[in-house]
2 protein chains.
Amino acid sequence: MQDAPNRPYHHGDLRRAVIETALDMLREEKGWQFTLREVARRAGVSHAAPYKHFPDKAALLAELAMIGFDRLRDTLSAAKSEAPNSLRDEITTIARAYVTFGTDNPALYRLMYSAEDGQAVGIHLNERALAVFDVLLEILRRGQAAGSIRKRPIEGQAAAGWGLVHGMTMLAIDGLLVPEKVGSAPLDAALSALVEGLGSPAT
Amino acid sequence: MQDAPNRPYHHGDLRRAVIETALDMLREEKGWQFTLREVARRAGVSHAAPYKHFPDKAALLAELAMIGFDRLRDTLSAAKSEAPNSLRDEITTIARAYVTFGTDNPALYRLMYSAEDGQAVGIHLNERALAVFDVLLEILRRGQAAGSIRKRPIEGQAAAGWGLVHGMTMLAIDGLLVPEKVGSAPLDAALSALVEGLGSPAT
DNA sequence: GCGCTCAAGTAGCCACTGTCAACAATGTAT
DNA sequence: ATACATTGTTGACAGTGGCTACTTGAGCGC
């Protein structure tokens, strides 16, 4: 498809094609060396063509990272809506979905959290990341309203949950949570501990 | 000092000098672009001299990462020995030391967890990382023996703690735990929740 | 239809990096 | 002293990214 004979001179939507190709490359191998020229090669265009749509490589990576955060947020939202009624099961389900997203897309997940901050585009990137954070906030907010979550500063509790799943995901991606050393279900153990800690004492 | 006129032809201990220079560079700026040539430049030797001591760039990075893990382990051990008697305070102290190590050495910490795995040197690297893991294991083991920690598979609990501090550290390094959004002490909240979850119900 | 402008794609140059091979300087064993 | 091993230097090569000038295609007013 990439070299269809009647491919028009103007690609039409090269921007989207570049993004799709890059996402494919990220999906392939964890340790893939990401080069713009390789992206262009796979997209079937010349090596400088992407520069018409992205000012530089960092801009493309930032765009990919933002897409990743958007997808992660959608994944979590979907998992939340399918979760059972129990708040505890809901948290467990969403956490599992989070870690699964990371282990299913290791290169993308790594990229999402390795994009340079402090740049102009970094602000928007952080916005996307904080949207993920808000999904967790909402659950805890409901839990507090229902009385099954302690009435503590909610941001700290959400940060705890985010930090936990983020850390577990990164360790899993790096192959540091090998089952022999760590037991069969470390995430479950971690979540149990955390949820019980978050839970109100009466429960 | 790097261009003393009577600098001998042979550096004397270039291997150590390269490592020190590289660590200095990692300490300087978080987003620093790490190049072997720049290391050699700063060390005052030719651009290819480091190859007499490291087979390639990855080997140097792996060495730096191992040093980082060793230092982290020492930091945690030191914090542990200075901690108060209470197991809970001990966990809090060591966790704080962990996160502080990460935020104090952001580039080094990032490097430690971004070195490629599956390589030949990756095995040794993982050994160092698991040594850090063992510090956490030991605390929990004592806690279980004392009865203040639930008698659950201990590796899962340690993985929970490791994942938590690792995740909090990474988020902090990436500037995603901005105080306005997250409260003043998210780590404390997280640890409270986790410790209470780990703690035995009678406590 | 004609010529104009402009977007989209191409080709090539420069700087820089990692890496290797050949050479030079130093120390060491015999 | 002589041969050798070690360590550092120089020069070179391929690969990469950023930048600029050039070419091709398409839309527009007339």
Side-chain angles (χ1 to χ4, degrees), chain A residues 1-22 25-26 28-29 31-65 107 111 114-116 119-121, chain B residues 1-22 24-26 28-29 31-65 107 111 114-116 119-122:
Chain A
M1 71 193 65
Q2 59 272 33
D3 48 3
N6 32 3
R7 174 171 65 86
Y9 181 85
H10 287 307
H11 187 286
D13 201 356
L14 182 57
R15 179 184 172 84
R16 182 172 306 272
V18 164
I19 290 177
E20 286 301 321
T21 304
M25 288 169 58
L26 284 177
E28 278 180 12
E29 308 175 53
W32 178 247
Q33 168 122 327
F34 196 91
T35 71
L36 265 190
R37 286 171 126 93
E38 176 67 15
V39 176
R41 227 169 282 144
R42 295 212 197 184
V45 295
S46 72
H47 62 253
Y51 282 94
K52 297 295 176 182
H53 301 271
F54 302 94
D56 54 12
K57 181 184 177 184
L60 173 59
L61 291 179
E63 178 94 20
L64 295 174
L111 170 66
S114 68
E116 314 294 321
Q119 315 277 19
V121 73
Chain B
M1 68 194 66
Q2 60 273 31
D3 47 4
N6 31 2
R7 175 170 64 86
Y9 185 87
H10 286 316
H11 184 286
D13 198 358
L14 184 56
R15 179 185 173 85
R16 182 171 306 272
V18 163
I19 290 177
E20 285 301 322
T21 304
D24 283 345
M25 288 170 57
L26 284 178
E28 279 181 11
E29 308 176 53
W32 179 246
Q33 168 124 325
F34 195 92
T35 72
L36 263 191
R37 285 172 119 98
E38 176 68 15
V39 176
R41 229 168 279 146
R42 296 212 195 185
V45 295
S46 71
H47 62 256
Y51 281 91
K52 297 297 176 181
H53 301 271
F54 303 93
D56 54 11
K57 181 184 178 184
L60 172 58
L61 291 179
E63 178 94 20
L64 296 173
L111 171 66
S114 69
E116 313 294 321
Q119 315 276 21
V121 73

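Below, read A as the first sequence line, B as the second, and so on, with proteins coming before strands; counting in each chain starts at 1. Everything quoted here is computed from the prediction, not taken from an experiment.
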Heavy atoms of B:A40 and B:S46 approach each other most closely as CB-O, 3.3 Å
Output yes when at least one side-chain N/O atom of B:H53 is less than 4.0 Å from OP1 or OP2 of D:dG8, else no. yes
5'-most contact on DNA chain C (nearest-nucleotide basis), A:K52 vs B:E38, goes to A:K52
Taken to the nearest whole Å, CG/B:L14 to C1'/D:dT6 is 13 Å
What does A:S46 touch in the nucleic acid at a heavy-atom separation under 4.0 angstrom: a base, only the sugar-phosphate, or nothing? base
For A:H53, all residues meeting side chain to side chain contact (heavy atoms under 4.5 Å, CB included), sequence neighbours excluded: A:L14, A:R15
D:dG17 C1' sits how many Å from B:Q33 CD, rounded? 10 Å
Counting side-chain heavy atoms from CB outward, which of C:dT17, D:dT16, D:dG8 is closest to B:T35? C:dT17
What is the distance from atom CZ of B:R16 to atom OG1 of B:T21, rounded to the nearest 0.5 Å? 12.0 Å
Classify B:F34 by what it touches in the nucleic acid, base, sugar-phosphate, or nothing, heavy-atom distance under 4.0 Å. sugar-phosphate
Rounding to a whole Å, what distance do you find between A:R41:CZ and C:dT10:C1'? 15 Å
Please list, chain by chain and in numerical order, all residues satisfying side chain to side chain contact (heavy atoms under 4.5 Å, CB included) with B:A48, sequence neighbours excluded. none
Rounded distance [0.5 Å steps], CG in B:D13 versus CD1 in B:I19: 9.0 Å
In whole Å, I'd like the distance from the CG atom of B:L36 to the P atom of C:dG18. 5 Å
Respond yes when some side-chain nitrogen or oxygen of A:K57 is under 4.0 Å from OP1 or OP2 of D:dG17, and no when none is. yes
Start with the C-alpha distance between A:F54 and A:V39, add both sets of side-chain angles, then the distance that settles side-chain contact (heavy atoms from CB on, under 4.5 Å), and finish with yes or no. CA-CA 13 Å; A:F54 302 94; A:V39 176; over 6 Å; no
Looking at every heavy atom in both B:L64 and B:F34, which two are closest together, and how far apart are they? CD1-CZ, 4.0 Å
Consider the side chain of B:Y51, meaning its heavy atoms from C-beta on, and name the nucleotide among C:dG18, D:dG17, D:dG8 that approaches it most closely. C:dG18
Would one find a side-chain N or O of B:R15 under 4.0 angstrom from OP1 or OP2 of D:dT6? no
Nucleotide N/O to protein N/O under 3.5 Å, stretch nucleotides 11-14 of chain D:
from: D:dG11; atom 1: O6; to: B:H47; atom 2: NE2; distance (Å): 2.9

